Amino acid sequence: MEQLNKNQKKAVLKKAGPTLVLAGAGSGKTKTLTERIINLIEQREVLPQNILALTFTNKAAAEMKKRIQEKILENPKLNFPVLENGFFPHVSTFHSLGVFILKDNYKSLGISKFFSIYNKEDSKKTLKEAMKNMEIDIKEFEPKKFLSLISKNKGAGISFEDFLKNFSEEKNFYNQTFIKAWGEYEKLKKEDKSYDFDDLLLESLKILEIPERREHYLKKWTHIHIDEYQDTNEVQQKMLEALTNPEKKNIFAVGDPDQLIYSWRGSKIENILNFSKKFQETETIFLEENYRSSGNIVEASNFVIEKNENRFPKKLVSQKEIGEKISLYTAFSEKDEALFVVEKIKDFLKNKINLNEISVLYRANFQSRVLEEAFLKAGISYQVLGTKFFERAEVKDIISYLKSALNRDSKADLKRVYTNPKRGIGKTSILRIFNSEIEKLSPKIKDQWQKTEDFLDEIKKHTEKNKISETINFIIEGSGIEKSFREKKDEDSLERLANCYEISSFASKYDEFSPEEGLEKFLEEVSLMSDVDSKKENKQNPAVKLMTIHAAKGLEFEYIFLVGAEEALFSAQTELSKKEEKEKNEEERRLFYVAMTRAKEKLFISWAQFRNMYGSLETNFISSFVLDIPEKFLEKQDDGKNLSGGYLEEEIYID
């Protein structure tokens, strides 16, 4: 408590009732939420097992859980009753909570306890199959757009049945086609006895809407805590309302509308702005002391974000020194801009600065290519955040063996099992297997199918008695995957085999649990892994982190390069209504603000006068967000110097 400031203490000591903590960037919001949970337990206000804490990434949930458990274990006042009963607060992501609720009710739902969870690629493949079944041309109707529409509806709490019920009979060919595709997609998913990511929330909400089940969870969790509340969508908001006792209203929400950057995923800023209307008698507490960034960065970011109207007025104050000014570089082109970044990082290396403390942030993924090229030429180590380890083909193959052994109805996983490694089982044979036409298989294919089925049975038996890491090794060796990679003897194949065994290393952290519990925890984490969760910081081989601003949310670095600070990249580019355009531009401003507040010591902002975008060379203007920063916080760097060499005419290919 001695380490907390006045408003943090106020939040921590709040014992009951609805509380909204509006926490600015770097203001110690997670620490405040964690200390509040500890204080509730210490003051005997609530039993540990009656506390629910929710956040948005596995990484954030794991860190919060670790902090809480460490605090409990090191405090004699807390650890005796907790350790004696084996009780801790339930800390998880929303999607993990959905998995918990579905598994808690799996018998009444008529599903397997080990139901499969579709990742994005699984959903895409299944939707394509659904469209093929319904004779819908995927060139005319893009599956990605259909998936986005399905996700948007589910995020708003609208199931396929709801959509169908409220669908206008107006003859709209696009909508009619979409309904056919969505309906078949749900049918195929049901046959697989699987859920997609959005189902985890929507289906668990349906359970919470059953009076007796809601009553069960209201008794189970009496005190609700939410981190990053501004990122909640409609379904998550309804889940929180269902989990909160309407009389006691013990809900403690921490968030910042200035950092809402996921409206395209369904996040609704109204959820946090209207919190006090949803939960009457709310006490609102502001955390405005920033412990992350230098004074210049904090003050400059205040000037940027205060132009937004849809927010709670607040002004961050840095608890650090004023620090260096923000460096602003005007580049001729994206190539020139990339070389500027590289030259500055070379200077950092001369001063023995760790590359892990440096990040380059950009608005769109396409911007990374020219940066990567510059880093490669300069011989500077870098890592592009976004390539998921668990999205690699060989890794998915191993996981599919495990999932298929537990759920033989998961066709998406069985397809991978039948074809990796190659056994001669082709598309026609797989279709016959799925249609239970085994007698139509050739003797050779039938023998391969039977051997595969027998091996899946062996895996299931293995999971019942052995550690999960041992089962992974059993799959790698017994499936023939190891043999197929070793036979190729090339570097790529050996690297892919190493990735397979890396799964075993990852799974070993669950070896302390019973085989069944370890298996459950492993599969849940793998299924719900996100981009940020899969990020590994290699301390032996440090590297500059390249990522989109969206991926940087929740992270911080000593040195930040914010590249591409141009109006064309940070503004609404499509035709929108005035209201939509205003909302879009306010979100772009929040995105720019989030990028600025990732920096702890030094922030570089750069923009290019000419940039190749979407197949053509564009003339750019500096972002209006940069122009909102008073000049006293800025210092211009190498203005007018073309680091890429040559003349401007050569850069822009003027005739």
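Since the structure is predicted, the reported quantities are computational estimates derived from the model, not experimental observations.
Cation-pi contact between Arg265 and Tyr262: present, with separation from the ring centre below 6.0 Å and deviation from the ring axis of at most 45°. Cation-pi geometry between Lys120 and Phe197 is not met at under 6.0 angstrom from the ring centre and within 45 degrees of the axis. For Lys602 and Phe604, the positive end sits near the middle of the six-membered ring, less than 6.0 Å away and at most 45° from its axis.
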Criterion salt bridge (Lys or Arg N to Asp or Glu O under 4.0 Å) on Arg598 and Glu556, from CA distance to verdict: CA-CA 5 Å; Arg598 298 311 94 197; Glu556 57 183 40; over 6 Å; no
Determine, step by step, whether Phe561 and Ile345 satisfy the side-chain contact (heavy atoms from CB on, under 4.5 Å) criterion, reporting the C-alpha distance in whole Å, the side-chain angles of both residues, the deciding distance to 0.1 Å, and the verdict. CA-CA 10 Å; Phe561 289 87; Ile345 292 174; 3.9 Å; yes
Begin from the C-alpha positions of Lys584 and Glu588 and carry the test salt bridge (Lys or Arg N to Asp or Glu O under 4.0 Å) through to its verdict. CA-CA 6 Å; Lys584 172 65 176 168; Glu588 291 296 327; 2.9 Å; yes
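Around the CD atom of Glu212, the shell of radius 6.0 Å holds more than 12 heavy atoms that belong to other residues, nucleotides or ligands. Around atom NZ of Lys152, no more than 12 heavy atoms belonging to other residues, nucleotides or ligands sit under 6.0 Å away.
Annotation: ring pair (Phe, Tyr, Trp, His ring centres under 6.0 Å) contacts involving residues 276-328, sequence neighbours excluded, comprise Phe275-Phe279, Phe303-Phe633. Annotation: salt bridge (Lys or Arg N to Asp or Glu O under 4.0 Å) contacts involving residues 93-104, sequence neighbours excluded, comprise Lys103-Glu520, Asp104-Arg213. Among residue pairs with one or both ends in residues 270-279, those qualifying as salt bridge (Lys or Arg N to Asp or Glu O under 4.0 Å) are Glu241-Lys278; sequence neighbours excluded.
A donor-acceptor pair is defined here as one N or O able to donate and one able to accept, closer than 3.5 Å; such a pair exists between the side chain of Glu288 and the backbone of Lys315. Checked by atom type and distance alone, the side chain of Arg214 never pairs as donor or acceptor with a backbone atom of Leu243 at under 3.5 Å. For Asn308 (side chain) and Asn310 (main-chain N/O), no donor-acceptor pair under 3.5 Å exists by modelled atom type. Asn356 places a side-chain N or O within donor-acceptor distance of the main-chain N or O of Ala543, the cut-off being under 3.5 Å. For the pair His550 (side chain) and Ile261 (backbone), a donor-acceptor distance under 3.5 Å is present. A donor-acceptor pair is defined here as one N or O able to donate and one able to accept, closer than 3.5 Å; such a pair exists between the side chain of Asn250 and the backbone of Gly17. Within the 3.5 Å criterion, the main-chain N or O of Ala60 finds no donor-acceptor partner in the side chain of Glu63.
Electrostatic pairing of Asp256 and Lys29 does not count as a salt bridge here, judged by no charged N lying under 4.0 Å from a carboxylate O.
A tilted orientation is assigned to the rings of Phe100 and Trp221, their planes being inclined by 30° to 60°. Using bins of under 30°, 30° to 60° and over 60° for the plane-to-plane angle, the ring pair Tyr329/Phe340 lands in the parallel bin. Relative orientation of the Phe252 and His225 rings is tilted, given thresholds of 30° and 60° on the angle between their planes.
The residue from Arg67, Lys71, Lys9, Lys10 that alone fulfils the salt bridge (Lys or Arg N to Asp or Glu O under 4.0 Å) condition with Glu35 is Lys71.
Remark: the Asn271 side chain and the Thr232 side chain contain an N/O donor-acceptor pair separated by less than 3.5 Å.
Asp258 is linked by a side-chain hydrogen bond (donor to acceptor under 3.5 Å, both in side chains) to Arg311, Lys314, counting only residues two or more places apart in sequence or in another chain. The side-chain hydrogen bond (donor to acceptor under 3.5 Å, both in side chains) test applied to Lys248 returns no partner, not counting sequence neighbours. Shown here are the side-chain hydrogen bond (donor to acceptor under 3.5 Å, both in side chains) partners of Lys509, two or more places apart in sequence or in another chain: Glu525.
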